[in-house]
Protein chains: 2
Amino acid sequence: MSLILQNIAKHITLSPEEQRHFLSKTEVHHFKVKSILLHSGQICTHSYFVNSGTLRSFNINDNIVEHVLNFACEGYWIGDMYSLISQKPGNLFIEVLEDAEVVLLSKENQELLYTEIPKLERFFRILTENSLVANQERLMDNLSLSAEERFEKFCKKYPTLIQKVPQKQIASYIGVTPEFFSKMKSRLLRK
Amino acid sequence: MSLILQNIAKHITLSPEEQRHFLSKTEVHHFKVKSILLHSGQICTHSYFVNSGTLRSFNINDNIVEHVLNFACEGYWIGDMYSLISQKPGNLFIEVLEDAEVVLLSKENQELLYTEIPKLERFFRILTENSLVANQERLMDNLSLSAEERFEKFCKKYPTLIQKVPQKQIASYIGVTPEFFSKMKSRLLRK
DNA sequence: TATTTTTCTTAATCTAGGTTAAGTGCTAGC
DNA sequence: GCTAGCACTTAACCTAGATTAAGAAAAATA
């Protein structure tokens with residue numbers, strides 16, 4: 001069974017018929033490292049599910065500084081939720097960090113599926129709830145933990161990512177500069 | 001029409017029948033200032049909708065420092081999403097900041113309603129999506145804006161709250177100490 | 001009204017993390 | 001196999017915001 005159907009099966013049960021129908025509404029694409037799936041200022045038209053490889057979403061503020069919102073590796077969904085639901089231009093980029101196979105689900109098909117297979121509304125509700133919980137925890141961590149503690153949590157949560165993505169992007173995710181991250185890392189190693 | 005039905009009507013349409021049924025699954029309670037609706041360590045059993053008054057959710061870390069996750073005034077929902085969906089003990093408190101009339105919706109009734117009135121699944125999906133977007137923006141703001149800029153955004157987003165809640169709690173929400181907040185405020189006034 | 005508690009302010013001092021800058025080491029194209 | 005461009009490191013110096021402490025103002029309670 002495909003990864004995306006396994007992902008869905010964690011929360012709801014689809015009949016073989018429904019599974020086939022769901023897949024028929026998606027497209028699989030292959031992207032090379034450094035491909036940009038979504039540019040800041042564009043309207044986000046799809047949700048992305050990662051079959052293999054790694055993506056990230058990030059924004060760039062006035063000072064030309066990047067901030068990583070999310071990483072997505074195998075089995076994760078990614079997109080620009082703000083732009084996707086408002087259908088207004090967003091301020092996120094979505095970029096490929098490692099050659100990736102990605103399942104694309106367009107907003108129209110997603111909405112269509114909600115009415116054709118109402119259970120999918122439940123699935124995406126649960127998915128969104130889980131994202132919200134993760135986000136709230138990250139927000140509270142940013143308010144109350146030191147950079148070192150945030151890094152430790154990151155390592156536990158995404159052990160595989162550390163070898164895969166440039167460390168300056170991990171620095172950005174936990175909210176410090178690459179220079180400080182480097183200093184902190186060598187401090188930790190000396191222990 | 002009650003505030004909570006108006007809130008629902010922003011996203012889905014319920015028949016009078018369905019409206020009555022929905023309300024029959026909720027309870028209205030009145031709470032005095034300083035009441036605690038949920039303690040850290042408890043399992044969250046309800047979603048709360050504020051008819052009037054003001055609530056906040058916050059956690060307390062090891063150092064006995066409070067961090068405000070959310071404020072909820074008239075027309076807002078609040079709860080401990082982590083605890084509510086996992087049914088495990090959470091680490092949030094929910095406290096009344098101004099005498100409040102609150103609509104309580106138990107988790108069981110919420111799930112029941114999902115099956116009885118599937119449209120409600122859509123409603124709560126949309127609600128959660130909007131929370132997620134707001135949270136992501138706040139997270140990015142914390143990573144990229146100064147305390148002053150975060151305060152300005154807060155003032156625009158919650159203009160009524162500034163008079164209503166102690167300023168040390170606004171400080172906590174934007175992620176600074178009360179002392180620094182006070183300094184910053186007088187700096188802004190001098191301009 | 002007096003008293004207690006809480007919130008807010010101010011100021012001195014401190015520090016986690018930022019900035020700037022220079023140098024080292026990869027690795028991807030050519 | 002060279003070279004350009006990233007990614008990473010190190011170090012000196014800087015700053016936004018934290019900490020500590022003490023007092024003033026406001027609000028709750030008696």
| request: By nearest nucleotide on DNA chain D, pick out whichever of Lys34(B) and Arg187(B) is the more 5' one. | output: Arg187(B)
| task | Measure centre to centre between the rings of Tyr76(B) and Phe49(B), then say whether the value is under 6.0 Å. | result | no
| said: Rounded to whole Å, how long is the line connecting atom CD of Glu148(B) with atom P of dT15(D)? | reply: 16 Å
| task | Compute whether any side-chain donor of one residue and acceptor of the other, for Ser24(A) and Arg20(A), lie under 3.5 angstrom apart. | result | no
| request: Over 60° means perpendicular and under 30° means parallel, so classify the ring planes of Phe71(A) and Tyr158(A), tilted if in between. | output: perpendicular
| query | Taking atom types as modelled, is there a side-chain donor on Gln167(A) or Lys185(A) under 3.5 Å from an acceptor on the other? | reply | yes
| field | Distance-only donor-acceptor check, side chains His21(A) and Gln19(A), under 3.5 Å | value | no
| Taking atom P of dT7(C) as reference, at what distance in whole Å does atom NZ of Lys164(B) sit? | 19 Å
| said: More than 12 heavy atoms of other residues, nucleotides or ligands under 6.0 Å from CD of Gln6(A): yes or no? | reply: yes
| task | Could you tell me the separation between the CG atom of Leu189(A) and the P atom of dT10(D), rounded to a whole number of Å? | result | 10 Å
| Presence of Arg150(B) side-chain N/O under 4.0 Å of dG17(D) phosphate oxygens OP1/OP2 | yes
| request: Spell out protein contact along nucleotides 8-16 of chain C as letters: B when the base is contacted, S when just the sugar-phosphate is, - when no protein heavy atom is under 4.0 Å; keep the 5' to 3' order. | output: SBB------
| In whole angstrom, what separates Leu145(A)'s CG from dA18(D)'s P? | 15 Å
| query | Can you check the Glu149(A) CD to dG17(C) C1' distance for me, whole Å? | reply | 14 Å
| query | His67(A) has an atom NE2; how far is it from atom P of dG17(C), in whole Å? | reply | 15 Å
| message | From CD of Glu98(B) over to P of dA28(D), roughly how many Å is that when rounded to an integer? | response | 11 Å
| request: Specify the separation, in whole Å, of atom CD of Glu95(B) and atom P of dT6(C). | output: 12 Å
